[in-house]
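Everything on this sheet refers to the single structure shown next.
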Amino acid sequence: MVYNTLTKRKEPFHPLRPGEVRIYVCGPTVYDYIHIGNARSFVAFDVVRRYLEYKGFKVKFVSNITDVDDKTIRRAKELNITLQQLGELYTEAYFEDLKALRVKKADVNPRATQHIGEMIALIEKLIEKGYAYVVEGNVYYDVTKFPEYGKLSGVKVESLIKGARVEVDPNKRNPADFALWKSRKPGEPFWYSPWGPGRPGWHIECSVMSSIYLGETFDIHAGGKDLIFPHHENEIAQSEAASGKPLARYWLHNEWLTINGEKMSKSLGNFITVRDAVSKYGAQTLRMFLISAHYRSPIDFNERTIEQARRNLEKIRSSIQAFRRLRELETQVEGEKELLAHVEDLRRRFEEAMDDDFNTPKALAAIFDFISELNEFTGSREGVSRETKGRVLKVIEELLDGVLGIETKVEEKEVQGLSPKLVELILEVRNVLRRRRDYETADFIRSKLEELGFVIEDSASGTRWKFKG
Ligand code: AMP
Ligand code: ZN
């Protein structure tokens, strides 16, 4: 079931073409580094994509780059660089940030400035069909000509006409009309068009780029909830008026990321860039934080919530690492059957949660329950059959690494800045000391390792270690 903003209810998910899902996510305006509020949107729909892929759908994922609008033009001027230079700079930075967050690359990241010709063609079509009009080099969309205007957002044309929510422009027939083409202003970049030099409006960009790469009707259109009105409402008005077909079947919108209770945004100045957050807390902690709430619930960023995410991540990883380190045996040990039942139960609960409108906190709860079982298993065993180990790790990797994008195979690299190989070497040296009955030095090493966050357990069959959960 998927919650559809268009129908305001959860609906069964059926893509237009069986086995294939086409998704369009509104991308960033590239005038600065993205902040963790923006990242919330990109991570949320990355999880949607990954889950659909996990379910066996072939996904085509398109996410645009808005590289021409008021903000980019103003910023390029401020920095005294061209719009193109600005776009390249922050598009690159955006890709780097997404990569750090393990957001899978879109199949296409179309840039608005590379599709101006197609935008002009769509505007011409809208004029021809009587939905748009030209005033002094500007082209406007006449919202009164599209009877379904407001169907996504619930906004009423009549109340808009009273001028409540949109600025008044003397060129417009109705205050609710919006610009498809804006005539050139002195000093601004421009393109030639049948109506004179100018540039496209923001909404037409997405109507054009989605139809080029995904067709006139596709499955999922997504973005933050501020995009419902006017952006997505206007996209529907443009695309559906031109094609006579529905633009997207399911409209998904994420809630805000807030900081100390207030919406994180550029204009309020209360934002943290993804790069700063990644260097301070780590990309995986940030991702864990972002998926810890359902995408349609608000999530507050503060020291407590990010610390909770760090602890949760560590708990999952240390448990899986300890399990990975179990010696591989040829035969089963006691308790393996139960463990395999738990892992199947995990898969069932995880899918149930994700099938219910991508409920990541519920999916994580299933993971934590499983982690407790796994710890209990690992804690009292020296080894596990190769087959069971493989089966358990396969499910973990599919769900955690695959769907949630949480990397569990960190053992070979390092955890908390320490290489596990080095820890093992230290423990080997400590065992030599113990055999020589130098218990004082052995205890000293143990307490130092514990200070660093390790738990050391000596038993008759050897010494084991894990990270404190
Ligand atoms: P923008 O570059 O401003 O167009 O934003 C890119 C995406 O981030 C859009 O889908 C926005 O709705 C979304 N977004 C912006 N701020 C937040 C926030 N504080 N929380 C969640 N999503 C946000
Ligand atoms: Zn868009």
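These values consider heavy atoms only, across backbone and side chains, with no hydrogens, waters or symmetry-generated copies. Indexing begins at 1, ligand by ligand and atom by atom, following the structure's order.
No heavy atom of Lys266 sits closer than 4.0 Å to any atom of ligand 1. Residue-ligand proximity: Ser41 is placed with a non-hydrogen atom under 4.0 Å from ligand 1.
For Trp202, no nitrogen or oxygen atom sits less than 3.5 Å from a nitrogen or oxygen atom of ligand 1, counting backbone and side chain alike. Ligand 1 has a nitrogen or oxygen under 3.5 angstrom from a nitrogen or oxygen of Asn254. In terms of N/O distances under 3.5 Å, ligand 1 is approached by Asn38. Taking any N or O of Thr29, backbone or side chain, at least one lies under 3.5 Å from an N or O belonging to ligand 1. Distances between N or O atoms of Met264 and those of ligand 1 include at least one value under 3.5 Å. Taking only nitrogen or oxygen atoms, main chain and side chain alike, Leu257 reaches within less than 3.5 Å of ligand 1.
Ring geometry for Tyr192 versus Phe190: interplanar angle over 60°, hence perpendicular rather than tilted (30 to 60°). The aromatic rings of Tyr24 and His221 are tilted relative to each other, their planes meeting at an angle between 30° and 60°.
No donor-acceptor pair closer than 3.5 Å links the side chain of Glu255 to the backbone N or O of Tyr295. At distances below 3.5 Å, not a single donor-acceptor pair connects side-chain atoms of Asn359 with backbone N or O atoms of His294. Proximity of a side-chain donor or acceptor of Ser153 to a complementary backbone N or O of Phe229 within less than 3.5 Å is not detected. Proximity of a side-chain donor or acceptor of Asn174 to a complementary backbone N or O of Ala176 within less than 3.5 Å is not detected. Formation of a donor-acceptor pair under 3.5 Å by the Thr360 side chain with backbone atoms of Ala293 is found in this model.
Atom 16 (N) of ligand 1 has as its closest protein heavy atom His35 CE1, 3.6 Å. Of the protein's non-hydrogen atoms, Asp226 OD1, 3.6 Å is the one closest to atom 11 (C) of ligand 1.
Atoms of ligand 1 lying under 4.0 Å from any heavy atom of Pro28, numbered from 1 in the order shown and given with element: 2 (O). Listed by number with element, the atoms of ligand 1 under 4.0 Å from a non-hydrogen atom of Leu227 are 9 (C), 10 (O), 12 (O).
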Report task. With salt bridge (charged side-chain N to carboxylate O under 4.0 Å, His left out) as the test, would you mind laying out the steps for Asp276 and Lys280 before giving the verdict? Result -> CA-CA 6 Å; Asp276 284 351; Lys280 190 160 174 201; over 6 Å; no
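For the pair SG of Cys206 and SG of Cys26, the angle at the Zn ion (ligand 2) is about 130°; rounding is to 10 degrees.
Ranked by closest heavy atom to atom 22 (N) of ligand 1, the top entry among Gly37, Gly224, Gly223 is Gly37.
Backbone or side-chain N, O or S atoms of His231 reach the Zn ion (ligand 2) at under 2.8 Å.
Of the listed residues (Phe61, Tyr250, Trp251), just one forms a side chain to side chain contact (heavy atoms under 4.5 Å, CB included) with Ile220, and that residue is Tyr250.
Within 6.0 Å of atom CD in Glu78, more than 12 heavy atoms from other residues, nucleotides or ligands are found, so the atom counts as buried in its surroundings.
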